[in-house]
Structure formats: structure tokens, C-alpha cells
Asker: 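One structure coming up, written as C-alpha cells, with questions to follow.
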Amino acid sequence: MVKHRVLSGIRATGRLHLGNYFGAVKGMLALQNDPDYETLYMVADVHTLTTPYTIEELRKNRREVILDYLAAGLDPKKSILFQQAEVNEHIELAFYFSSVVTIAKMQHLPTFKDKVKQYPEHATMALLNYPILMAADILVYKASLVPVGIDQEPHLEVAREIARRMNQDYGTDFPEPKRFATKGEYIPSLTGEGKMSKSVEGSYINLTDDLETIRKKIRSVPTATTAGGEMPVGVKTLFAFLNLVDPGLVEKFQKTYDAGTLKFVELKDHVAEAISKELQPFQQKRKELEEDTAYVDRVIAEGAEKARAIAQKTVKEVREKMGLLS
Ligand code: AQP
């Protein structure tokens, strides 16, 4: 039986947070452990160049994300784990794809506009090309399923359009990739505004945070002074977290909220403890992996080799179909 392929990635911009974990990594794990799928998970280090970064940090983080993947339970015996920059074919295919996409289309994407607002001095061609490179990341493996958060949906739409155009114009056989959604496809920011995001200070909980840090951060979520009535955004956030880390208790806390007797500090401390408990196996495994440099080096080298073998085949096909091979 031909297995369906899965591709996902996380940018090498720093330590993973709960949004990355529930929106992406949980889905990556579920598909890795399903024998119907062949899974490829990369560190999107080339995508890191689309927003301001420091060379030293990038060098460190492109390895750190591999450690995070392994600590979260991604297993090189089941998944191909690799760094995007080690497989040049992604960039080559992205250039071919850029010939079937208009500039206007890219400029109108909400994700592009948001990032330009966030970094007005950094409205680069690389940023404009982000969704095209993402399409290449997926389609170079002919992947049909992509476990990512809901914020990535507009980019997947671009990937589907590119697949359609390439198939129509050049007779390729790219699938139209779909998003694999998890229960935590949208993790809200701790500030009560927008999504949890690495680049927004005060918005996130890192997977490496200890209980004290998590408790402090969760206590900072803005709540009303009294419970009952329409739920303010901060309270909704707390319930969203509870639903992910201790769903059995949602009903009990909801009842006390409706009755106006909920003590927010109790809910907050319970949520903090449940998050910390959820993260303990990850934190333990990460410490062990930090000691095992040789193993991590091997995972990185072997992953690149396996990914390259698949990617090279696709790019050769595309070059041929587009008239670049005689
Ligand atoms: N808040 C979120 N809820 C659910 N999923 C999320 N993801 C990110 N934030 C949330 C998912 O995590 C994966 C990696 O995203 P990325 O490669 O864009 O990583 P990032 O740039 O480091 O993510 P951030 O925190 O959002 O960074 P900035 O602040 O730089 O933009 C994706 O699957 C994404 O959907």
C-alpha cells in the first residue's frame, strides 16, 4: 500500500511554546504513530531568514528544535527528522513555483501584512516568498497532510493553488495538501490579545518553563474581579488551557463560574499545575538528550540524507516537465 506523506516544520526562532506544542507537535506525534502515514518533520531554518534574526542564535536554534522534537516524542525510527537548509531542493523548487504565482496574490495575504506591520523595516522578498517556500517544503515530498496550527491555513491555500497550477500547466502530479487539525489548533496569548506567539513578549509559556514560572505567567492572565455572565477573553483563555490539560475538570469549574463562586486564583493555579505536569516528561527527556551530542548529530545527518533522496527525485521530475532537462 502507498502511504500518505506528511510534512510539517517549525521555524528556528527560539524555544518552543505551548502554541507550537498543541497546534503542531501534537498532530505531528499523532500522525507519526499512525502506520498509514510516512512522516517528515523539519526545522524550518531557511524560513527563519524571513524575519530579523542573529546568526549565532539561528546556528544554535536549528539544532535546538531537533532536540525539542526528540524530547516531545518524535522518533527517528518512525519519522524523518531534518533541517530544511540541508536539502537545497526546497529552495530550487520554490523558485520554479514562483513562476506560477502573482506578486499581487502574495501581497494580499493576511500573514504577509501582519508581519510587515510587526517588522516595517523588514518587508523583504524572502518574507513575500514565505508561502511559496512553504508550498515547496510540502510538495517536494508530495505530502498531502500537514499538521500545523490554524494560523497556517492561508499558506496551505497557496500550496493547493500552486499544486493545481503546476499540474495543469506542466502535467505534474502534486497532491493538494490539507491541514491536519488538532484540538489545540489555536492557542490564545496570555495577554488576552491574539495568539500565543514567540515574538510577542508576555504572550507565551515555553515548554522548558518550570512550575514557578508557569504559575507566575498564568496568574498574569487578565480576569474579571467577579465570576458569572459573559466570559471575558482572559477567562476564556484559562478554560481553553484547562480543556487541553485537564478536560475532566472543565464542567466543575464552569459550574462555579456560572454560579458566580469561582475563585480565579484557584482556577489559575490548577491550570498552571496541570500544564507543568503535562510538560514534565518532555523536560526530563530534553535534559537527557542534551548530554547525548553524538546521537543528536546522527539523527540530523541521517534525516538529511533520507529527505534529500525523496526531494531530488521530485525536483528532477519538475525540471524535466518544465523544459529544463533535455
Ligand atoms: N498560538 C498558536 N496556536 C496554535 N498553533 C500555533 N503555532 C504557532 N503558534 C500557535 C503553530 O506552530 C507551528 C510553528 O509555527 P512557526 O514555524 O510559525 O513558528 P514560529 O514562527 O516560531 O511561531 P510563532 O510563535 O507564531 O512565531 P512568531 O511570533 O515569530 O510568528 C505552526 O504549525 C503554527 O501553526
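In this chain, numbering begins with 1 at the start of the sequence shown. Both backbone and side-chain heavy atoms feed into the values below; hydrogens, waters and symmetry mates do not. One-based numbering, in listed order, for ligands and for the atoms of each.
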Asker: Return a table of donor-acceptor pairs under 3.5 angstrom between the side chains of residues 195-202 and protein atoms on other chains or two or more places apart.
Answerer:
unit_1, atom_1, unit_2, atom_2, d
K195, NZ, D151, OD2, 3.4
K198, NZ, T13, OG1, 3.0
S199, OG, Q118, NE2, 2.8
E201, OE1, Y204, OH, 3.3

Asker: Could you check whether R59 pairs with E56 (Lys NZ or Arg NE/NH1/NH2 to Asp/Glu carboxylate O, under 4.0 Å)?
Answerer: no
Asker: Output side-chain donor-acceptor pairs under 3.5 Å for residues 300-311, partner residues at least two apart or in another chain, one line each.
Answerer:
unit_1, atom_1, unit_2, atom_2, d
R308, NE, E86, O, 3.0
R308, NH2, E86, O, 3.2

Asker: Just list the side-chain donor-acceptor pairs under 3.5 Å for residues 318-326, sequence neighbours left out, or say none.
Answerer:
unit_1, atom_1, unit_2, atom_2, d
R319, NH1, E92, OE2, 2.9
R319, NH1, Y96, OH, 3.3
K321, NZ, G171, O, 3.3

Asker: Among K313, H90, E89, M42, exactly one meets side-chain contact (heavy atoms from CB on, under 4.5 Å) together with Y141. Which residue is that?
Answerer: H90
Asker: If the threshold is 4.0 Å, N to carboxylate O, is there a salt bridge linking R160 and E157?
Answerer: yes
Asker: At less than 4.0 angstrom from any atom of ligand 1, which residues have a non-hydrogen atom? List them by chain and residue number.
Answerer: I10, R11, T13, H17, G19, N20, G23, A24, K115, V148, G149, D151, Q152, G184, E185, Y186, I187, K195, M196, S197, K198, S199
